[in-house]
**Student:** 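Here it is, the structure, as structure tokens.
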There are 2 protein chains.
Amino acid sequence: MSKPNPAPPVVTRVSDATLRGFVGYHMKRAFNVVQADLATTLKPFDLRMITYSALVLIVDNPGLRQSQLADAMDIERPNLVVIIDELERRDLILREKVPTDRRAYALVPTLAGRQLCARAIEAVKSHEARLLQGVGMTEYAQVLDVLRRIEAKGTKE
Amino acid sequence: MSKPNPAPPVVTRVSDATLRGFVGYHMKRAFNVVQADLATTLKPFDLRMITYSALVLIVDNPGLRQSQLADAMDIERPNLVVIIDELERRDLILREKVPTDRRAYALVPTLAGRQLCARAIEAVKSHEARLLQGVGMTEYAQVLDVLRRIEAKGTKE
DNA sequence: CGCATATCGTTATGTGACATAACTATTATG
DNA sequence: CATAATAGTTATGTCACATAACGATATGCG
């Protein structure tokens with residue numbers, strides 16, 4: 001008698017062709033690689049992607065408020081608290097009171113923070129050079145342009 | 001007497017120029033937008049990005065093993081368990097025993113699974129069309145090419 | 001053929017990036 | 001002056017990821 005559940009065929013090669021038809025899938029997979037390599041790159045500095053980004057923004061914008069940093073990073077303000085706590089605990093930045101607004105803090109980098117930031121940026125430059133090896137300037141510019149336009153779709157609302 | 005900590009200057013415009021110099025940053029920000037829009041797109045199907053990807057791969061490769069699915073999705077096998085559990089509980093797929101290997105399961109889609117998958121794919125096509133509006137075919141092909149090359153850097157090791 | 005190693009899927013547990021709700025203190029506005 | 005808004009925080013939750021370890025089973029080697 002016929003088997004109600006015949007043994008399925010052996011899958012020897014998995015096709016992800018359908019997913020590959022979406023740029024989002026490519027972005028996800030490529031970004032996974034970037035993320036993993038960046039994590040490795042930042043580990044010697046005891047930084048993660050998110051604390052690195054916060055530090056860079058604070059070094060480049062001394063005195064910015066926590067709410068401004070949250071906006072710049074596109075994250076929720078409550079999630080910033082532990083990030084700032086960690087950078088402050090490591091003496092990389094300071095929360096300074098704002099005499100004109102007692103609700104707010106101004107975030108300023110310390111000398112150690114600037115120095116670590118500079119070294120981390122150099123390391124991240126190498127990380128990017130590795131991942132973009134063989135990518136020409138024209139291709140690079142085009143990719144940035146398209147990524148910018150995708151990102152802009154999210155802020156238009 | 002001089003103030004030991006003078007009031008920092010008011011930051012009126014936050015510069016993220018340093019971070020913008022890295023393609024990884026652009027990828028992160030653009031992918032955040034893709035992820036948020038995709039989450040909205042898949043919500044009516046009660047799917048998340050990860051369960052959607054799993055479903056598509058199972059529909060396209062009926063009979064594949066959990067280990068194969070984990071490889072295809074580049075995730076750890078333990079993390080697959082709750083994904084498969086959820087899809088199975090919703091009767092979108094089945095875990096079928098493999099007569100030739102009692103350790104393994106073959107993952108097969110159900111009719112409901114195929115149908116939901118087809119509808120979800122159409123919705124994701126619209127999501128992508130929205131995000132890629134104004135992006136030409138040449139630009140699109142170039143972006144895919146660069147993303148593929150970045151992704152390939154991660155598998156070369 | 002027996003045994004060591006490898007594989008498959010699972011359970012258990014942990015981390016970190018995200019989210020929302022609600023709070024207090026303070027400032028801005030009408 | 002009352003009310004609304006803002007700044008930062010605490011509390012808590014979800015989910016995508018990670019590793020360790022386990023039992024059952026398959027494989028390969030001596």
Side-chain angles (χ1 to χ4, degrees), chain A residues 10-11 24-25 28-29 31-40 42-43 46-54 58 63-88 93-107 154, chain B residues 10-11 14 25 28-29 31-40 42-43 46-54 58 63-88 93-107 154:
Chain A
V10 172
V11 174
Y25 186 69
K28 164 73 170 159
R29 298 297 294 255
F31 188 62
N32 282 353
V33 170
V34 169
Q35 215 168 15
D37 195 86
L38 188 58
T40 301
L42 293 175
K43 205 176 185 72
D46 200 10
L47 289 172
R48 310 184 305 278
M49 182 182 298
I50 203 159
T51 49
Y52 163 77
S53 297
I58 294 167
L64 91 170
R65 287 359 174 204
Q66 288 187 204
S67 53
Q68 287 177 304
L69 182 57
D71 284 346
M73 294 177 71
D74 196 27
I75 68 175
E76 303 294 342
R77 295 197 317 277
N79 297 327
L80 202 53
V81 177
V82 294
I83 295 165
I84 305 298
D85 283 350
E86 180 180 329
L87 293 175
E88 191 180 38
I93 66 163
L94 295 166
R95 277 176 168 103
E96 290 196 338
K97 289 183 182 290
V98 179
T100 53
D101 186 342
R102 295 210 299 262
R103 297 170 298 179
Y105 290 109
L107 303 172
Chain B
V10 173
V11 174
V14 174
Y25 186 71
K28 165 71 172 162
R29 297 297 293 255
F31 187 63
N32 281 352
V33 171
V34 168
Q35 213 168 16
D37 195 85
L38 187 60
T40 301
L42 293 174
K43 205 177 185 69
D46 201 7
L47 289 172
R48 310 186 305 278
M49 182 182 298
I50 203 159
T51 49
Y52 163 77
S53 298
I58 294 167
L64 92 170
R65 301 323 185 229
Q66 289 187 204
S67 55
Q68 287 177 303
L69 182 56
D71 284 347
M73 294 176 72
D74 196 27
I75 68 176
E76 303 294 341
R77 296 195 317 277
N79 296 328
L80 201 55
V81 177
V82 295
I83 295 166
I84 305 298
D85 282 352
E86 180 179 331
L87 295 176
E88 190 179 39
I93 67 163
L94 296 166
R95 275 177 171 101
E96 291 196 337
K97 288 180 183 292
V98 178
T100 52
D101 186 342
R102 294 208 303 259
R103 297 170 301 176
Y105 290 110
L107 303 172

**Student:** Quick one: A:Gln35 CD to C:dA17 P, roughly how many Å, whole number?
**Tutor:** 9 Å
**Student:** Measure from CG on B:Leu80 to P on D:dA16 and round the result to the nearest Å.
**Tutor:** 12 Å
**Student:** Main chain of B:Gly63, side chain of B:Arg65: is a donor-acceptor contact present, judged purely on distance under 3.5 Å?
**Tutor:** yes
**Student:** Sub-3.5 Å donor-acceptor pair from the side chain of A:Ser53 to the main-chain atoms of A:Ile50, do we have one?
**Tutor:** no
**Student:** State whether A:Ser67 places a side-chain N or O below 4.0 Å from either non-bridging phosphate oxygen (OP1 or OP2) of D:dT6.
**Tutor:** no
**Student:** If you take all heavy atoms of B:Ala70 and B:Arg77, which pair is closest and at what distance?
**Tutor:** CB-CG, 3.8 Å
**Student:** Send over the distance from A:Asp46 CG to C:dG16 P, rounded to a whole Å.
**Tutor:** 10 Å
**Student:** How many whole angstroms separate atom CD of A:Glu96 from atom C1' of D:dG8?
**Tutor:** 17 Å
**Student:** What's the CE-C1' distance between B:Met49 and D:dT14, to the nearest Å?
**Tutor:** 15 Å
**Student:** Nearest 0.5 Å, what's the CG-CG distance between A:Leu94 and A:Leu87?
**Tutor:** 11.0 Å
**Student:** When you look at B:Glu86 and B:Val82, which way does the side-chain contact (heavy atoms from CB on, under 4.5 Å) test go after all the steps?
**Tutor:** CA-CA 6 Å; B:Glu86 180 179 331; B:Val82 295; over 6 Å; no
**Student:** Could you tell me whether the side chain of A:Leu47 reaches within less than 4.5 Å of the side chain of A:Leu38, counting heavy atoms only?
**Tutor:** no
**Student:** If you take all heavy atoms of A:Ile83 and A:Asn79, which pair is closest and at what distance?
**Tutor:** CD1-O, 3.4 Å
**Student:** Nearest whole angstrom, please: distance from the P of D:dT25 to the CZ of B:Arg65.
**Tutor:** 16 Å
**Student:** Separation of A:Lys97 atom NZ from D:dG8 atom P, in whole Å?
**Tutor:** 12 Å
**Student:** Along nucleotides 18-30 of chain C, 5' to 3', which nucleotides get a B, which get an S, and which get a -, given that the test is a protein heavy-atom distance under 4.0 Å?
**Tutor:** BBBB---BBS---
**Student:** Under a 3.5 Å cutoff on both atom distances, Watson-Crick or G-U, what's the dot-bracket for DNA chain C ([ ] crossing, | other strand)?
**Tutor:** ||||||||||||||||||||||||||||||
**Student:** Any side-chain heavy-atom pair from B:Leu107 and B:Gln68 closer than 4.5 angstrom?
**Tutor:** no
**Student:** Please compare A:Ile83 and B:Val81 by the position of their nearest nucleotide in DNA chain C and report the one closer to 5'.
**Tutor:** B:Val81
**Student:** Whole angstroms only, please: what is the CZ-C1' distance between A:Arg29 and D:dC17?
**Tutor:** 14 Å
**Student:** Hey, are B:Arg95 and B:Asp85 close enough for a salt bridge, meaning a charged N less than 4.0 Å from a carboxylate O?
**Tutor:** yes
**Student:** Would one find a side-chain N or O of A:Gln66 under 4.0 angstrom from OP1 or OP2 of D:dT6?
**Tutor:** no
**Student:** Check this one for me: any side-chain N or O of A:Arg48 less than 4.0 Å away from OP1 or OP2 of C:dA17?
**Tutor:** yes
